[in-house]
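So the structure is just underneath, and the comments pick up after that.
Only a predicted model underlies this, so the values are computations on that prediction, with no experimental measurement involved. First listed ligand is number 1; within each ligand, the first listed atom is number 1.
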Amino acid sequence: MRIALLGYGKMGKTIEQIALQRGHTIVIKANHNDNYDITQADIAIDFSIPSAAFKNISHSLTHNIPVISGTTGWLKDYDKAVALCEAKNGAFIYASNFSLGVNIFFELNTNLAKMMNTLKQYKVSIEEIHHTQKLDAPSGTAITLANDIISVHSNYNSWQLNKETDNAIQILAKREEDVPGTHTINYNSDIDTINIKHVAHNRQGFALGAVVAAEWLLGKTGIFTMKDVLNIG
Ligand SMILES: NC(=O)C1=CN([C@@H]2O[C@H](COP(=O)(O)OP(=O)(O)OC[C@H]3O[C@@H](n4cnc5c(N)ncnc54)[C@H](O)[C@@H]3O)[C@@H](O)[C@H]2O)C=CC1
Ligand SMILES: O=C(O)C1=N[C@H](C(=O)O)C[C@H](O)C1
């Protein structure tokens, strides 16, 4: 596959390594608003910044290039990206987290939340820890985890960043040097605490997932998620 990397930072560079190992070619490495010809590529992979993601995605879809996006913090425009993809009969995958481990963790989180729905003495909270350069908070992964709990647990109808309220899930966002991504779900009662945790040791899992998703998407039309790619859930 000829891949356009829209965003050539920490993730773009890790994706390049894995894509080359899997026999693909990188034809575009775009940072900032570079003037590139997207039609040279078979597929675009966007790991850029929140304020640039929608523009990158719509540029690719407008030119009939399938696109994978892992950028977080741009979801206010997600419905517009879906509408454009449908109008162009294109192909699009967004995932807040492309790693296989986190996608298994998403399933674990939903199943645990279903069980905890009958045990109202436990209060849930989410903690995410990332590197200090991260632009958005809470992480996209923490938002997915919170929304998945809300969809099956009747005590909660929203989430709140760094704030405890009755019917909202508190998400604590911490920033520390060099942390690739740690997410913990805590169910706390007066008697005990149950928690599940995912710790990324590096960025390889995110990057491999994004390349596997690109390989899977090529030749398809529609709007998909990592559940479709990994056939789980
Ligand atoms: N979904 C997932 O599995 C993962 C998502 N991420 C997300 O991916 C994004 C990128 O993460 P990192 O690579 O760690 O950040 P980074 O800051 O290292 O790289 C972002 C790059 O985007 C570039 N950029 C700025 N404006 C651009 C534009 N208009 N078009 C193209 N590129 C532009 C910057 O110059 C920079 O090189 C973040 O939103 C992060 O939260 C990160 C890891 C995994
Ligand atoms: O910015 C990061 O680094 C990460 N961002 C994603 C998120 O916001 O959830 C995924 C991963 O946790 C790393």
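Contacts between Ala200 and ligand 2 below 4.0 angstrom, taking non-hydrogen atoms only, are absent altogether. Residue Lys10 does not touch ligand 2, judged by heavy-atom distances below 4.0 Å. The backbone of Ala95, and not its side chain, has at least one atom closer than 4.0 Å to an atom of ligand 1 (non-hydrogen atoms only; backbone = N, CA, C, O). In Ser96, the part holding a heavy atom less than 4.0 Å from any atom of ligand 1 is the backbone. When heavy-atom distances to ligand 1 are checked against a 4.0 Å cut-off, Lys134 comes that close only through its side chain, counted from C-beta outward. At a heavy-atom cutoff of 4.0 Å, ligand 1 is contacted by no atom of Thr141, backbone or side chain. With a 4.0 Å heavy-atom cut-off, ligand 2 is reached by no atom of Glu128. Contacts between Pro180 and ligand 2 below 4.0 angstrom, taking non-hydrogen atoms only, involve the backbone exclusively.
Contact between Gln170 and Lys163 at its shortest, heavy atoms only, is OE1-N, 3.2 Å. The minimum heavy-atom distance linking Leu135 with Pro50 is given by the pair CD1-CD, 3.9 Å. Residue His130 comes nearest to Glu128 through the heavy atom pair ND1-OE1, 2.7 Å, listed as atom of the first residue, atom of the second, then distance. In plain terms, the two heavy atoms of Lys197 and Thr182 that are nearest each other are CE-CG2, 3.8 Å.
Taking 4.0 Å as the cut-off, Met11 does not count as a neighbour of ligand 2 on heavy-atom distance. Contact analysis puts Ala30 in contact with ligand 1, with a non-hydrogen atom separation below 4.0 angstrom.
Residues Ile169 and Leu119 are members of one and the same hydrophobic cluster, defined by side-chain heavy-atom contacts under 4.5 angstrom among Ile, Leu, Val, Met, Phe, Trp and Tyr. A single hydrophobic cluster is seen to contain both Tyr122 and Ile126, as judged by linkage of ILVMFWY side chains at heavy-atom distances under 4.5 Å, directly or through other members. Transitive grouping of hydrophobic side chains (ILVMFWY, heavy atoms separated by less than 4.5 Å) keeps Phe47 and Tyr94 in distinct clusters.
Checked by distance only, ligand 1 and Arg203 stay at 3.5 Å or farther apart across all their nitrogen or oxygen atoms. On a distance-only criterion, Ile49 and ligand 1 share no N/O pair closer than 3.5 Å. Between Thr141 and ligand 2, an N or O atom pair is found at a separation short of 3.5 Å. In terms of polar-atom proximity, defined here as any N/O pair under 3.5 Å, Asn31 does make such a contact with ligand 1. Polar contact with ligand 1: absent for His131 (N/O pair, distance under 3.5 Å). Between Phe98 and ligand 1, an N or O atom pair is found at a separation short of 3.5 Å. For ligand 2, one of its N or O atoms has an N or O atom of Gly140 under 3.5 Å away. Residue contacts with ligand 2: His130 is placed with a nitrogen or oxygen under 3.5 Å of a nitrogen or oxygen of the ligand (distance criterion only).
Ligand 1 places these atoms under 4.0 Å from at least one heavy atom of Thr72: 39 (O), 40 (C), 41 (O). Close approach of ligand 1 to Tyr8 is summarised as follows: ligand atoms under 4.0 Å from at least one heavy atom of the residue are 37 (O). Applying the 4.0 Å criterion to heavy atoms of Thr71 picks out, from ligand 1, the atoms 8 (O), 39 (O). Residue-ligand proximity, Ala52 to ligand 1, at heavy-atom distances under 4.0 Å covers atoms 27 (C), 28 (C), 29 (N). Atoms of ligand 1 found under 4.0 Å from any heavy atom of Asn56 (numbered from 1 in listed order, with element): 30 (N), 31 (C).
By the 30° and 60° cut-offs, the orientation of the rings of Phe92 relative to Tyr78 is tilted.
Under the side chain to side chain donor-acceptor pair (under 3.5 Å) criterion, Lys220 pairs with no residue, sequence neighbours left out. Residues passing the side chain to side chain donor-acceptor pair (under 3.5 Å) test with Asn109, sequence neighbours excluded: none.
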* For side-chain contact (heavy atoms from CB on, under 4.5 Å), just list the numbers for Phe105 and Ile185, CA-CA rounded to whole Å, side-chain angles, deciding distance to a tenth of an Å, and then say yes or no. => CA-CA 10 Å; Phe105 187 66; Ile185 318 289; 4.0 Å; yes

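Comparing Pro180, Ser48, Gly7 against atom 20 (C) of ligand 1, the shortest heavy-atom distance belongs to Ser48. Nearest to atom 13 (O) of ligand 1 by heavy atom, out of His59, His32, Lys13, Met11, is Met11.
Among protein heavy atoms, the minimum distance from atom 8 (O) of ligand 1 is reached at Phe47 CD2, 3.4 Å. The shortest contact between atom 7 (C) of ligand 1 and any protein heavy atom is with Gly70 O, 3.4 Å.
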